[in-house]
2 protein chains.
Amino acid sequence: MTGVTQGVRPRGAGRAQLHETALRLFASDGVEGTSLQAIADDMGVTKAAVYYHYRSKDDLVLSVLAPVFTELDAIADRAAAHRSRPARLDEFVTGIVGLIVDNHSRFAVLVGDPYVERLLAAHHDLSGWWRRIVDEIVGAGADPLTQTAMLVFLTGMTAPLIKPPVAGLDAETQRAHLIECGRRILQIRRRPA
Amino acid sequence: MTGVTQGVRPRGAGRAQLHETALRLFASDGVEGTSLQAIADDMGVTKAAVYYHYRSKDDLVLSVLAPVFTELDAIADRAAAHRSRPARLDEFVTGIVGLIVDNHSRFAVLVGDPYVERLLAAHHDLSGWWRRIVDEIVGAGADPLTQTAMLVFLTGMTAPLIKPPVAGLDAETQRAHLIECGRRILQIRRRPA
DNA sequence: GTCTATAGAAGGATAGAC
DNA sequence: GTCTATCCTTCTATAGAC
């Protein structure tokens, strides 16, 4: 899906490739550690070419992250539709793991990067998703242990795919293992109806 | 031992306070997002004063992180001393949670910061601790699910204390909840002998 | 132990040619 | 849509006075 649709490009690849390059560098070096110069160099263009597509670095960062907000909303919607909490939690875990496996870098940058954290604090309309998860999925008045467990789950999902022991597994195995971890943390017995 | 800054430290209160300030800013803004200027400003001194204590930024970062390596080694030692795997895992979980609750910022910066990740890749003598955990605590030939669970646990421990729902709890409650999360992830039934 | 001053490199961002 | 060239700011790091 993300692939090399542009193939070997002598010049002028456009936004899609820029997105892809930026995300890769953000994930490996951190947002603050990735200069627009580095992105331009990686693509074989100049900084000015990057500024043609995005007004600022923050603009680029938010643009790269945007898809994950849409996904998170969709996941939260699907989960919130269930009546019982175990069902909501399981739907949520499954959804998040799917997001991670298909879209790991984006999620890791969103949850883990200090630059992004500050950026979203400014755009507070984008930073309410954690509140929503607690309120609608876990339940607003949930006990602290369950809230803690949800937090550990969400944070815990960010690293696994890039580290040695897990990185080598195929996608379906990763998916199954991560879902199992989520069910353990949140104590979901099995797939509830 | 790397001999980064070590040797003598007969200085005044300057170093301790510098350590503390740097760690706080590293944790909140990321290492790359924290300039030596910002550290100096926060302490009410100049950059040059910081350079009197540390030869470079990397030197400062490694010095700030150093205590956590000592702690991790001690925790791994205590855990590895147990014969049964459940006992090793439980000792490890308890130790890590203790480290987190008492020393959260340092651990979070160590595990989560991209700058630190690159820095440790260079000093590869300091980055072997994850390997050690897998080999000695989980067991070298452990199944991928257990290895994944350990990774999720370690990563999951980095966020909780600073986020709203958990940050407000008292230390003992945090400790208990985090230990419970660890036991769930790693499926440790109870405190084994 | 801390300061002023500054070198030298790198980063974000803009203007205007093609 | 991409380029060259440039501006201004900030960063790491050093030199030398007090």
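Side-chain atoms are counted along with the backbone in the values below, which use heavy atoms only and exclude waters and symmetry mates. Convention: sequence-line order gives letters A, B, ...; per-chain numbering from 1.
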Rounded interatomic separation in angstrom, taking OH from Y54(B) and C1' from dC11(D): 20 Å
Closest-nucleotide ordering on DNA chain C, the 5'-leading residue of A48(A) and V31(A): V31(A)
Rounded distance (Å) that lies between atom C1' of dG11(C) and atom OH of Y115(A): 11 Å
Rounded distance in Å - CD1 (I39(A)) to C1' (dA13(C)): 14 Å
Worked verdict on Q147(A) versus L151(A) for side-chain contact (heavy atoms from CB on, under 4.5 Å): CA-CA 6 Å; Q147(A) 294 192 18; L151(A) 200 42; over 6 Å; no
Proximity to the side chain of A49(B) - top-ranked nucleotide from dT12(D), dT2(D), dC3(C): dC3(C)
Sugar-phosphate only, base, or nothing, as touched by T46(A) at under 4.0 Å among non-hydrogen atoms: base
Between dG1(D) (P) and L18(A) (CG): distance, integer Å: 12 Å
Q37(B) atom CD: more than 12 heavy-atom contacts under 6.0 Å: yes
dG11(C) base / K57(A) side chain donor-acceptor hit below 3.5 Å: no
Proximity to the side chain of H53(B) - top-ranked nucleotide from dC11(D), dT4(C), dT2(C): dT2(C)
Distance, rounded to the nearest Å, where Q37(A) contributes CD and dC11(D) contributes P: 19 Å
Between dA7(C) (P) and Y51(B) (OH): distance, integer Å: 17 Å
Residue Y52(B), side-chain heavy atoms: nucleotide from dG1(C), dT2(D), dG12(C) that is nearest: dG1(C)
Rounded interatomic separation in angstrom, taking NZ from K47(B) and P from dT2(C): 17 Å
Review item, side-chain donor-acceptor pairs of residues 55-62 of chain A, under 3.5 Å, at least two apart:
| from | atom 1 | to | atom 2 | distance (Å) |
| --- | --- | --- | --- | --- |
| S56(A) | OG | D59(A) | N | 3.1 |
| K57(A) | NZ | V31(A) | O | 2.9 |
| K57(A) | NZ | T34(A) | O | 2.9 |
| D58(A) | OD1 | Y115(A) | OH | 2.4 |
| D59(A) | OD2 | R55(A) | N | 3.1 |

Side chains of D73(A) and T70(A), donor plus acceptor under 3.5 Å: no
Comparing A38(A) and V45(B) on DNA chain C - which has the more 5′ nearest nucleotide: V45(B)
dT10(D) phosphate, OP1 or OP2, under 4.0 Å from S35(B) side-chain N/O: no
cation_pi(R15(A), Y54(A)) dist<6.0 Å, angle<=45: yes
Atom-pair distance (CG on D41(A); P on dT2(D)), nearest Å: 15 Å
